[in-house]
Amino acid sequence: MKALVWHGKEDIRYESVPDPEIEHGRDAIIKVTSCAICGSDLHLFHNFIPGMLPGDIVGHEMMGEVVEVGKDNKALKAGDRIVVPFTIYCGDCDQCKRQNYSVCERTNRNGELADKVFGHRTAGLFGYTQLTGGYPGGQAEYLRVPYADTTHIKVPGGMTDEQALFLGDIFPTGWQAAVQCDIQPTDTVAIWGAGPVGQFAVRSAILLGAEKVVVIDRLPERLQMAEAAGAIPINFQEESVLERLEELTGGKGPDKCIDAVGLEAHATSTVDAIYDRAKQMMLQESDRAHVLREMIYVCRAAGVISIPGVYGGLVDKIPIGMAMNKGLTFRMGQTHVNRWTGDLLRRIEEGQIDPSFVITHTVGLEEGPGMYRTFRNKQDDCIKVVLKP
Ligand code: NAD
Ligand code: ZN
Ligand code: ZN
């Protein structure tokens, strides 16, 4: 089959690879009908997350038709249409019983490595480094889904791929980011990053009843997309984020702050950004924390900092004293996808939201390598790419 294969920094190729096969009784094989490129894939493209090996198939947003199931898989049959969540979960370990699916204790087949690096293992993820199991990803014609009897979302008849696809990652990710904020009707929620995750965080914060939602980015087309949903835009290249947020909140600061940017934050020319750049180049720091520092500074005292943005390793100069004295709450993590998808599927069916709004580009899988660049460079007003194998 054909797939997108990681070979190193900024080197993703469309190549022939062996077809996947059933390896365990709970598995399923799907024929991928749609997949997408995520902001998290860009961190791999830039080689910022350790643990990729040349030859690894990338992609963790995908859906398709079941073509084969393992002998113990009673939940699926050939012909079923499913979205595959990016977090592989077993459904019966202690963490899964608490619906903490992204830290499932059984699905990471390199769990011992993760125990050493993180202290305790996290779940297996598709197409996302050896640290999370080294499972082949879904930017491919076919995908083996381990633990497929639990790790799936069935798509109701009549729902298009474009409406359902993002249930596997960015929709529940924006949703969890907002839920973690424990939104009250008087809250101002500020969201850094108007990429796909930021877009879903904006809509989720509005659905969850925030009084005011503010979105921060520098790309006009992304700010406009968020504005169309009801958010107040701040362009950080044109105005002071701190001054505008103070102004919008009567000097109190946003009650809740969401980091939908992660480890590759841009900053104009602040001292902390220059410092991060230099340390990153000397390999003394892996991530850039400009957004985190800005959020801690501007957040209202006793507020919540919610972090869906991915960080990989070490960051320097986090003002923990400021955060402690202000009594901030930090909540973060990879998304517990299936914890939210029943509710979100219903909201799509009821017409509360149509996730396809975010798609700007749809192309064949063979154009994937070029599309990584278009998406990374934000060329052609690119916000979200869907690939059709
Ligand atoms: P993206 O790269 O398309 O979007 C990031 C946006 O942040 C861009 O629009 C960029 O212009 C903006 N940005 C950069 N610096 C900024 C700054 N200083 N202030 C405000 N905005 C700034 O990516 P995405 O697909 O939207 O993903 C966003 C983050 O969420 C990534 O880190 C991704 O890895 C992460 N993610 C996490 C999960 C999870 O489970 N927690 C799931 C999906 C994605
Ligand atoms: Zn993702
Ligand atoms: Zn589990």
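Note that ligands are numbered from 1 as they come in the structure, with each ligand's atoms numbered from 1 the same way.
- By the 3.5 Å distance cut-off applied to N or O atoms, Val310 is counted among the residues near ligand 1.
- Contacts with ligand 1 closer than 4.0 Å are made by no heavy atom of Glu264, backbone or side chain.
- With atom 19 (N) of ligand 1 as the reference point, the heavy atom nearest to it among Phe200, Phe236, Phe48 is part of Phe236.
- Proximity of a side-chain donor or acceptor of Arg121 to a complementary backbone N or O of Arg106 within less than 3.5 Å is not detected.
- Nearest protein heavy-atom neighbour of atom 15 (N) of ligand 1: His266 N, 2.9 Å.
- The shortest N/O to N/O separation between His290 and ligand 1 does not fall below 3.5 Å.
- Between atom 35 (C) of ligand 1 and the options Gly39, Gly262, Pro308, the minimum heavy-atom separation is to Pro308.
- Within the 4.0 Å heavy-atom shell around ligand 1 one does not find Ala267.
- Counting only distance, with no hydrogens or angles, the side chain of Lys256 and the backbone of Asp182 share a donor-acceptor pair below 3.5 Å.
- Inter-residue side-chain proximity for Arg144 and Glu21 is flagged as unmet; no heavy-atom pair is nearer than 4.5 Å.
- Closest to atom 27 (O) of ligand 1, if we only count protein heavy atoms, is Val197 CG2, 3.6 Å.
- Atom 42 (C) of ligand 1 has its nearest heavy-atom neighbour, among Ile37, Leu263, Asp169, Thr335, in Asp169.
- Remark: minimum distance from atom 3 (O) of ligand 1 to any protein heavy atom is reached at Arg222 NH1, 2.9 Å.
- Residue side and main chain included, Glu61 places no N/O/S atom under 2.8 Å of the Zn ion (ligand 2).
- Within the 3.5 Å criterion, the main-chain N or O of Gln130 finds a donor-acceptor partner in the side chain of Asn110.
- Counting only distance, with no hydrogens or angles, the side chain of Lys388 and the backbone of Leu365 share no donor-acceptor pair below 3.5 Å.
- The nearest protein atom to atom 5 (C) of ligand 1, hydrogens excluded, is given as Ala260 O, 4.0 Å; this is a heavy-atom distance.
- For the residue pair His60 / Asp169, a side-chain donor-acceptor distance below 3.5 Å is found, with atom types taken as modelled.
- For ligand 1, the polar-atom distance check finds an N/O of Gly333 within less than 3.5 Å of one of the ligand's N/O atoms.
- Between Asp259, Val215, Ile216, it is Ile216 that holds the heavy atom closest to atom 20 (C) of ligand 1.
- Among protein heavy atoms, atom 6 (C) of ligand 1 sits closest to Asp217 OD2, 3.7 Å.
- Side-chain contact check for Lys154 versus Arg81: every heavy-atom pair is 4.5 Å or farther apart.
- With Phe171 as the partner, the ring pair (Phe, Tyr, Trp, His ring centres under 6.0 Å) test is satisfied by one option alone out of Phe166, Phe357, Phe200, Phe86: Phe200.
- Sorting the N, O or S atoms of Asp169 by how far they are from the Zn ion (ligand 2) puts OD2 first.
- The nearest protein atom to atom 38 (C) of ligand 1, hydrogens excluded, is given as Thr173 CG2, 3.5 Å; this is a heavy-atom distance.
- Summarising the contacts of atom 2 (O) of ligand 1 with Lys378, Arg376, Gln334, the nearest heavy atom is found in Lys378.
- Looking only at heavy atoms of the protein, atom 34 (O) of ligand 1 is closest to Ser40 OG, 2.6 Å.
- A side-chain donor-acceptor contact under 3.5 Å links Tyr372 and Gln139.
- When non-hydrogen atoms are compared, ligand 1 lies under 4.0 Å from the side chain of Val291 (C-beta onward) but not from its backbone.
- Side-chain contact of Asn100 with Arg339: a donor-acceptor pair under 3.5 Å is present, judged by distance alone.
- Annotation: Pro196 places an N or O atom under 3.5 Å from an N or O atom of ligand 1; distance criterion only.
- By the criterion of a heavy-atom distance under 4.0 Å, the side chain of His43, and not its backbone, is placed next to ligand 1.
- The N/O atoms of Val261, backbone and side chain alike, include one that comes under 3.5 Å of an N/O atom in ligand 1.
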